[in-house]
Amino acid sequence: MANKLADWETLPVEQRDQIILATGTTFIMEQLPPRLQWLAGPIAQATVLRSMRLKKVAELMLLIANPVSESVREDVECHNCLIQNLRDLQRSLDFVERLNTWEARLNPTTGHWAVAMPVAWGQLLDSAQFTCLKQTYSDEQGHRYFHIVGDREADAFEDDKLTLWHLKQDHFAWLGSAAGASRRREGIP
């Protein structure tokens, strides 16, 4: 930039930083396919000069966040078995406020929203090995939906019972509500 702008050295630091960031964003945007160009700004902010770079992954996550709608958050809070489990353990539910669209998926058999298994694992780290699961549905795209159950109802996994820990990094596994669970909670037979 110093070679292209004659007065580069006289510009205020903030203005130079903005020019560098804008130039980087434009360059990155030109390299991305149209559907991913919205990521150019966050990528530029994560890769520019060290003095200007984002300091934490949390800052980057805020830039790319695409929060779920209020109705999805309400559905998760009312019907998702992870939430009930966290309430039983007296744990925070704050993560629901930061839930992104790629971390929730509608289960067509229950009509309720499921949470990505890596998100669920992040909430139950220390008890994930003891949180037993049963698969309730699988779709044609390979996404599998699970419900928290007692160890006697849990699916078998190798020589043990299937737990949340086994699926902690599975981005095609979703934790939701069993088909009949939400109806029972609402008092519907």
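Quantities reported herein were computed from a predicted structural model and do not represent experimental measurements.
- Under a hydrophobic-cluster definition in which Ile, Leu, Val, Met, Phe, Trp and Tyr are linked whenever side-chain heavy atoms come within less than 4.5 Å, directly or via other members, Leu36 and Trp102 are assigned to the same cluster.
- Around the CD atom of Gln90, the shell of radius 6.0 Å holds no more than 12 heavy atoms that belong to other residues, nucleotides or ligands.
- Nearest heavy atoms, Asn80 versus Trp113: ND2-O, 3.2 Å.
- The minimum heavy-atom distance linking Ser177 with His79 is given by the pair CB-O, 3.0 Å.
- A salt bridge (Lys or Arg N to Asp or Glu O under 4.0 Å) check over residues 163-175, counting only residues at least two apart or in different chains, returns the pairs Arg144-Asp170.
- Partners of Ala154 according to the side-chain contact (heavy atoms from CB on, under 4.5 Å) rule, which considers only residues two or more places apart in sequence or in another chain, are Cys132, Val149, Lys161.
- Grouping the Ile, Leu, Val, Met, Phe, Trp and Tyr side chains by contacts below 4.5 angstrom, directly or via other members, places Leu125 with Trp165.
- For CZ of Phe157, the number of neighbouring non-hydrogen atoms (other residues, nucleotides, ligands) closer than 6.0 Å is greater than 12.
- Identified under the side chain to side chain donor-acceptor pair (under 3.5 Å) test for residues 57-73, with sequence neighbours left out: Asn66-Thr101, Ser69-Ser71, Glu70-Arg73.
- One N or O on the side chain of Lys55 and one on the backbone of Arg53 form a donor-acceptor pair closer than 3.5 Å.
- Alongside Trp174, the hydrophobic cluster contains Tyr137, Tyr145 (criterion: ILVMFWY side chains under 4.5 Å).
- The CD1 atom of Ile148 lies 9.5 Å from the CD1 atom of Ile83; values are rounded to the nearest 0.5 Å.
- For Lys4, the NZ atom counts as loosely surrounded, since its 6.0 Å shell holds 12 or fewer non-hydrogen atoms of other residues, nucleotides or ligands.
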Using the side chain to side chain contact (heavy atoms under 4.5 Å, CB included) rule, take Leu82 and Leu124 through it: C-alpha gap first, then chi angles, then the decisive distance, then the call. CA-CA 9 Å; Leu82 171 63; Leu124 290 171; 3.5 Å; yes

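- When side chains are defined from C-beta on, Val119 does not count as touching Asn100, because their heavy atoms never get closer than 4.5 Å.
- For the pair Leu106 and Pro108, the tightest heavy-atom approach, listed with the atom from each and the gap, is O-CD, 3.3 Å.
- Taking NE2 from His166 and CG from Leu164, the interatomic distance works out to 10.5 Å, rounded to the nearest 0.5 Å.
- Ala44 approaches Thr25 most closely through the heavy-atom pair CB-OG1, 3.3 Å.
- Under a 4.5 Å side-chain heavy-atom criterion applied to ILVMFWY residues, the cluster that includes Phe172 comprises that residue alone.
- Considering NE2 of His147 and OG1 of Thr136, their distance stands at 8.0 Å, rounded to 0.5 Å.
- Cluster annotation: Ile64 and Ile28 are assigned to the same hydrophobic cluster (Ile/Leu/Val/Met/Phe/Trp/Tyr, side-chain heavy-atom contacts under 4.5 Å, transitive).
- Contact between Leu32 and Ala40 at its shortest, heavy atoms only, is CD1-N, 4.0 Å.
- Atom CE of Met117 is separated from atom CD of Glu103 by 13.5 Å, given to the nearest 0.5 angstrom.
- Residues Leu21 and Leu62 do not share a hydrophobic cluster, defined by chaining ILVMFWY side chains whose heavy atoms lie under 4.5 Å apart.
- Of all non-hydrogen atoms in Ala104 and Val68, the two that sit nearest each other are CB-CG1, 4.0 Å.
- To the nearest 0.5 angstrom, Thr10 atom OG1 is 4.0 Å from Asp7 atom CG.
- Taken to the nearest 0.5 Å, the CG atom of Leu93 stands 5.5 Å off from the CZ atom of Arg87.
- Clustering ILVMFWY residues whenever any of their side-chain heavy atoms sit less than 4.5 angstrom apart, transitively, puts Val13 in a cluster other than the one holding Leu5.
- Legend: side chain to side chain donor-acceptor pair (under 3.5 Å) pairs involving residues 117-128, not counting sequence neighbours, sorted by first then second residue: Arg91-Asp126.
- Using modelled atom types, one side-chain atom of Asp155 and one backbone atom of Gln135 make a donor-acceptor pair closer than 3.5 Å.
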If you apply the rule side chain to side chain contact (heavy atoms under 4.5 Å, CB included), what do you find for Glu97 with Glu77, and how did you get there? CA-CA 10 Å; Glu97 292 300 317; Glu77 287 177 349; 4.0 Å; yes

